[in-house]
Amino acid sequence: MWTTVLVSGITLGSFYTLVALGFALIFGVTHTFNLAHGELLVLAGYVAYWLWKTYGISLLFTFPAAILATLVVCLILQRLFSRLREPMEMNSIVLSFGLAILLQNGMLFFFSGDYRLIRVPTFNQGLHFNTLYLSYGQLTLLALSLLVIGLLYLLMRHTFLGKALRATIQDREAAALAGINVGGMGVLAFAIGAILIGLAGPLYGCVHYLYPTAGLQATLLAITITIFAGVGRIRTLILGGWILGFAESGAVVLLGASWRELVSAVMLITLLALRPQGIFEREQ
Amino acid sequence: MLCCKRFPIIACLLLLAFWCYSTFAVAATIKIGEINPLTGRLAKQGSEIHQGVAVAVAEVNDRGGLNGRQVELISRDDQSQPDVAISRAEELCGWKKVMALTGGYNDSLVGPISEVAKKYEVPYVASASLQKQLTQRENPYFFRVANLHGFVQPLCGILSESLRPQRLALLHTATPGSTEFARDLRSCLQSRGIAVMLMEKFRPGTPDFTPLIAKLASMNMDVIVSGGFFADHLLLVRQLKENRVSPKAYIGPFGIAYESFIREMGENAEYLYSTFAWNPGITNPDTEAASKDFVERFRSMFHREPNTTNMHGYTSTRAVLAAMQNVLHQKKPLTGPNIRQSLAELDLVLPMERVAFDKHGDPHHYQHLVVQIQKGKFEVVYPPERSTASAIYPMPRWSQRK
């Protein structure tokens, strides 16, 4: 049972990280607290669902359309957020809250309040490793999440653009003085964030289900993991996702299903009290 | 010049005419209010209740209204939030002066509305409410067409008489209705010698059931009863299949018996058990014609098949309208206390149930049927006198299915 719980925790944690990555990157670079993050994810899921249901397009080929849709919306959002004045965090919360409601009602209008599920028959099959069973759904989730996280890590660590992004996350003013186009980095962060959301959205429609207000849960998750890991740290973001995923799964087995959310809430509050800079972040 | 001098007089006359028209036009109609979650997390269910309410009002108006007066339905959206539900109820009862209230989904929304209705002495017939506490508050203006007993009795019956599981798991969500359902079902089963081996609570909308499934598998549960909702079943059943956990029966009283569930789940919905109070093909005995009329009217208005939630909205509204009709027939003034009295004495046979309320406002005859999905259709498997097919038990293991 515990191997199942461990695998479930890691799979779920990896997906949590994928969901949180876009949020953390946008927040780190632009200081925009995007409360509409979850709604964008659900929107990407709906685009994939619509293509799958209407035209019978397989899940794999719905990703480009979902990414394109979130890219367009995210770049519009970036234009709106860039007009905000300081304090950015507070103003962006107000603006993105309004946008989240707008997106929710838009999705309610176009897709109705029905729960939608993208069915991938192969996800129900799987592989046996002694007593451990891994469904293709779990494997896809794990592999795709790790691949994307790995690629983003390489981008951030080994390219000039990534270094510029990291510099902007660390200190916007210093980055600007060093000649980095901070505004351009904001656009780039939104674009990368859109790609990440566009990848996570269709998967969300497969492993979870879609409905217009489902985004709230994803937003809270993204905020939790970002706080958990500290802004702009991809390696710790995935560790944070795994710890959270495993803690939730373990709580269900040891304490009962009703303790699941309480355990993650207690962990978050404890962390905020003891290590507000994030669990793996060094104190400055 | 002359025209300019007369302009204020003409404007006043126009305003007066408009006021007279609107006043008399409004006086000619009978206003009823409905409050449903049309947006937010309960938008799907709230919209379905609203559609049922709209059908009932359209039906009465097409028949000439109540004693020749058309019924005006004033709809409000509570956004799935109790505080908004209160403000909408205040608006309808205090300002719009509706004669009665109907609709409502979920006890967290119905409860606050019922308190406002009591304050203004406006009768409220809730469409979908389960929590026992709501009818124990001594609120003479609150009635409902559903209750927990209607779910618990048939499930307790099929489990104790037909399925008789050795190892039963009872899951429920952290909502008042689902929690009470689980407690009542457990005590009923225990009184009939069926032990509940595991009782677990989870939050509606839980993102992953895999750890819970691992626990169920380790305890070798043969029947799972889940008091989750539509979306929870979508995920839990799919993850049961992904993890190759095959119980002998999976029973979800809330949220499975919908065409949309079969549509979204596809073949994975086969053999699942659920309950409903009504379905287009399965209606209260001797109400076939009324049921058919409802289905046809619903199709013409909304271009799809109605479901049991739509019927709950229709039933509660028909109860309100019938009570008003009785007051008018008795040539009494249409007031809150008179409508309330009429509701207390109501005995009306409708497709979903024979509507009659006890002294607390609970329905006397609300009873669900246990159904199983067989070849993509709902077949009634309990009670025996209304069954349309035999239950397939145990359901085939996932590995045995195509």
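Quick caveat: nothing in here was measured; it's all calculated off a predicted structure.
- Contacts between A/Tyr16 and chain B at a heavy-atom distance below 4.5 Å involve the side chain alone, from C-beta outward.
- At a 4.5 Å heavy-atom cutoff, A/Ser112 makes no contact with chain B through either its backbone or its side chain.
- For the pair B/Lys44 and A/Tyr115, the cation does not sit on the ring face, since its NZ or CZ is not both under 6.0 Å from the ring centre and inside 45° of the axis.
- When each of A/Tyr209, A/Tyr136, A/Tyr204 is checked for heavy-atom pairs under 4.5 Å with chain B, A/Tyr209 comes out on top.
- For the set B/Ala43, B/Gly46, B/Pro207, B/Ser80, the count of heavy-atom pairs under 4.5 angstrom toward chain A peaks at B/Pro207.
- The part of B/Ser218 that comes within reach of chain A is its side chain, from C-beta onward, which places non-hydrogen atoms under 4.5 angstrom from that chain.
- With a threshold of 4.5 angstrom between heavy atoms, B/Glu200 approaches chain A through side-chain atoms but not through N, CA, C or O.
- At distances below 3.5 Å, not a single donor-acceptor pair connects side-chain atoms of B/Arg76 with backbone N or O atoms of B/Asn36.
- Aromatic ring orientation, A/His37 versus A/Phe23: perpendicular (interplanar angle above 60°, classes split at 30° and 60°).
- Put simply, the side chain of B/Ser178 gets close to the backbone of B/Thr173: a donor and an acceptor are under 3.5 Å apart.
- Below 30°, between 30° and 60°, or above 60°: for A/Phe111 and A/Tyr46 the angle between ring planes is below 30°, a parallel geometry.
- In the model, B/Glu48 has no side-chain atom that pairs as donor or acceptor with a side-chain atom of B/Tyr258 under 3.5 Å.
- Neither the backbone nor the side chain of B/Ile213 has a heavy atom closer than 4.5 Å to any heavy atom of chain A.
- Of the N and O atoms on the side chains of A/Ser14 and A/Ser145, not one donor lies less than 3.5 Å from an acceptor on the other residue.
- Side-chain atoms of A/Gln138 and A/Thr11 include no donor-acceptor pair closer than 3.5 Å.
- Annotation: maximal heavy-atom pairing with chain A below 4.5 Å, among B/Gly205, B/Ala174, B/Ser260, B/Ser47, occurs at B/Gly205.
- Using a 4.5 Å cut-off between heavy atoms, B/Ala231 contacts chain A through both its backbone and its side chain.
- Contacts with chain B were tallied for A/Arg116, A/Lys53, A/Gln104; A/Arg116 has the most, counting heavy-atom pairs under 4.5 Å.
- Proximity to chain B involves both the backbone and the side chain of A/Leu117, based on heavy atoms less than 4.5 angstrom apart.
- Contact of A/Phe246 with chain B is not made at all, since no heavy-atom distance falls under 4.5 Å.
- With no hydrogens or angles considered, no side-chain donor-acceptor pair links B/Gln81 and B/Arg41 at under 3.5 Å.
- Under 3.5 Å, the side chains of B/His312 and B/Tyr105 contain no donor-acceptor pair of N or O atoms.
- When heavy atoms are compared at a cutoff of 4.5 Å, B/Thr206 approaches chain A by way of both its backbone and its side chain.
- Chosen from A/Val207, A/Val7, A/Ile101, the residue pairing most often with chain B at heavy-atom distances under 4.5 Å is A/Val207.
- Across B/Phe230, B/Phe209, B/Phe202, the residue that shares the most heavy-atom pairs under 4.5 angstrom with chain A is B/Phe230.
- When each of B/Arg263, B/Arg238, B/Met265, B/Gln45 is checked for heavy-atom pairs under 4.5 Å with chain A, B/Arg238 comes out on top.
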